[in-house]
There are 2 protein chains.
Amino acid sequence: MLTIGKLGQAAGVKVPTIRYYEQIGLLPEAERSAGNQRLYSRKALDRLTFVRHARELGFTLDAIRDLLSLSDNPDQPCAAADAIAKAQLAEIEKRLARLASLKVELNRMVAQCAGGRIADCRVIEVLSNHSLCATDHRHPQAGNDH
Amino acid sequence: MLTIGKLGQAAGVKVPTIRYYEQIGLLPEAERSAGNQRLYSRKALDRLTFVRHARELGFTLDAIRDLLSLSDNPDQPCAAADAIAKAQLAEIEKRLARLASLKVELNRMVAQCAGGRIADCRVIEVLSNHSLCATDHRHPQAGNDH
DNA sequence: CTTGAAGCTACAGTAGCTAGAGACATTAGA
DNA sequence: TCTAATGTCTCTAGCTACTGTAGCTTCAAG
Ligand SMILES: [Zn+2]
Ligand SMILES: [Zn+2]
Ligand SMILES: [Zn+2]
Ligand SMILES: [Zn+2]
């Protein structure tokens with residue numbers, strides 16, 4: 001059995017994050033020692049490692065919740081899990097496309113500025129006026145990365 | 001003079017968002033009508049349009065605050081504005097790189113799954129075990145996109 | 001037995017909004 | 001002119017996924 005600190009180290013997750021996951025019901029309530037400290041089994045470590053890896057791949061906690069409960073039913077068909085992964089892939093692709101067009105515009109802005117006064121700054125100018133942009137980078141609904 | 005609703009329509013910004021911007025001091029306090037409703041000038045519209053465009057390009061509200069105050073001093077050199085834009089570009093590039101590697105992994109996961117039971121699902125398998133990943137997509141600090 | 005690290009709970013804060021409640025203002029039509 | 005519909009007001013709470021704080025208790029090493 002591991003304490004929360006050891007578990008965190010082993011999984012690469014900070015201690016408060018583990019407690020947070022328990023609080024929101026993503027992880028089951030941990031067993032407690034006589035002195036009320038949380039104790040974790042190896043299985044709990046696997047679960048947390050799964051969570052961490054899915055987070056690193058950008059899945060939301062809600063998606064991870066679903067993935068966890070799917071992975072608890074090994075005999076079920078995996079279509080639901082695949083659908084979640086595909087949705088995540090689509091989301092990532094959407095963000096990639098958006099970021100790519102932002103990059104184009106930012107590059108243009110920065111490259112076109114000659115470095116004079118604010119009054120002549122291309123950065124300020126473009127920010128004031130979208131019609132100076134080359135692409136339609138406009139906000140087709142994004143999510144958050146991290 | 002425009003009411004807040006007209007202003008929002010003209011700039012493409014929702015009414016509560018305008019009030020929020022005022023509340024956090026990003027926009028100056030608006031004049032008020034006899035009946036205590038906010039009234040905006042054309043200059044206020046320009047300012048809000050600037051904010052919206054900068055948001056669409058992914059700048060944080062803090063960065064926008066700085067850009068706005070820079071743009072109020074047209075005779076100053078524009079180095080500071082350019083630096084903000086360059087930092088934003090760097091940030092976007094960082095996120096792009098990360099998302100690109102996430103995309104690789106998600107694609108692999110999805111492609112490798114044959115669509116059987118959860119027990120054999122490649123999606124679940126990869127999520128359980130990072131060593132099945134092709135790249136090192138690991139979390140080098142990300143931010144959020146819009 | 002003492003000390004310091006690690007654990008506990010509970011609450012506040014982050015970014016950038018969004019949504020709702022309940023009251024007042026304005027405007028268009030009958 | 002009255003009324004109904006829409007718009008606006010303030011205030012509060014909620015969203016994601018944590019992170020940090022305060023003030024305490026427990027545990028392990030020396
Ligand atoms: Zn410049
Ligand atoms: Zn633009
Ligand atoms: Zn599958
Ligand atoms: Zn991986």
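By convention in this document, chain letters (A, B, ...) are assigned in the order of the sequence lines, proteins followed by strands, and residues within each chain are numbered from 1. Just the heavy atoms: all of them, side chains too, but no hydrogens, waters or symmetry mates, feed the values below.
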**Prompt:** C:dC8 C1' sits how many Å from A:Glu29 CD, rounded?
**Reply:** 14 Å
**Asked** Which listed nucleotide (D:dC18, D:dC9, C:dT9) is nearest to the side chain of A:Arg38?
**Response** C:dT9
**Item:** Given C:dC8, C:dT18, C:dA25, the nucleotide with the shortest approach to the side chain of B:Tyr20
**Value:** C:dT18
**Asked** Rounding to a whole Å, what distance do you find between A:Ile18:CD1 and C:dG7:C1'?
**Response** 12 Å
**Asked** Can you tell me how far P of D:dC27 sits from CE of A:Met1, to the nearest Å?
**Response** 14 Å
**Prompt:** Quick one: which of C:dC8, C:dT26, C:dT18 gets closest to the side chain of A:Ile4?
**Reply:** C:dC8
**Request:** Would you check, one step at a time, whether the test salt bridge (Lys or Arg N to Asp or Glu O under 4.0 Å) holds for A:Lys43 with A:Asp46?
**Result:** CA-CA 5 Å; A:Lys43 215 168 124 185; A:Asp46 289 346; over 6 Å; no
**Message:** Both B:Asp62 and B:Ala34 contact DNA chain C. Taking the nearest nucleotide for each, which residue is further toward the 5' end?
**Reply:** B:Asp62
**Prompt:** Can you find a side chain N or O atom of B:Arg32 that sits less than 4.0 Å from OP1 or OP2 on D:dT10?
**Reply:** yes
**Request:** Please determine, for the side chain of B:Gln37, which listed nucleotide (C:dT9, D:dA17, D:dT8) has the closest atom?
**Result:** D:dT8
**Fill in**
Quick note, A:Lys14 side chain, CB onward, closest among D:dT10, D:dT19, C:dT26 is D:dT19
**Request:** Please figure out whether B:Leu39 or A:Gly35 has its closest DNA chain D nucleotide nearer the 5' end.
**Result:** B:Leu39
**C:dT18 OP1/OP2 closer than 4.0 Å to side-chain N/O of B:Thr17** = yes
**Fill in**
Winner on side-chain proximity to B:Ser33, out of D:dT8, C:dT26, C:dC8, is C:dT26
**Prompt:** Among the nucleotides D:dT10, C:dT18, D:dC18, which one has an atom lying closest to any side-chain atom of A:Arg55?
**Reply:** D:dC18
**Asked** Can you tell me how far P of C:dA6 sits from CG of A:Leu7, to the nearest Å?
**Response** 15 Å
**Message:** Please determine whether a side-chain nitrogen or oxygen atom of B:Arg19 lies at a distance below 4.0 Å from atom OP1 or OP2 of D:dT10.
**Reply:** no
**Given D:dC9, D:dC18, C:dC17, the nucleotide with the shortest approach to the side chain of B:Tyr21** = C:dC17
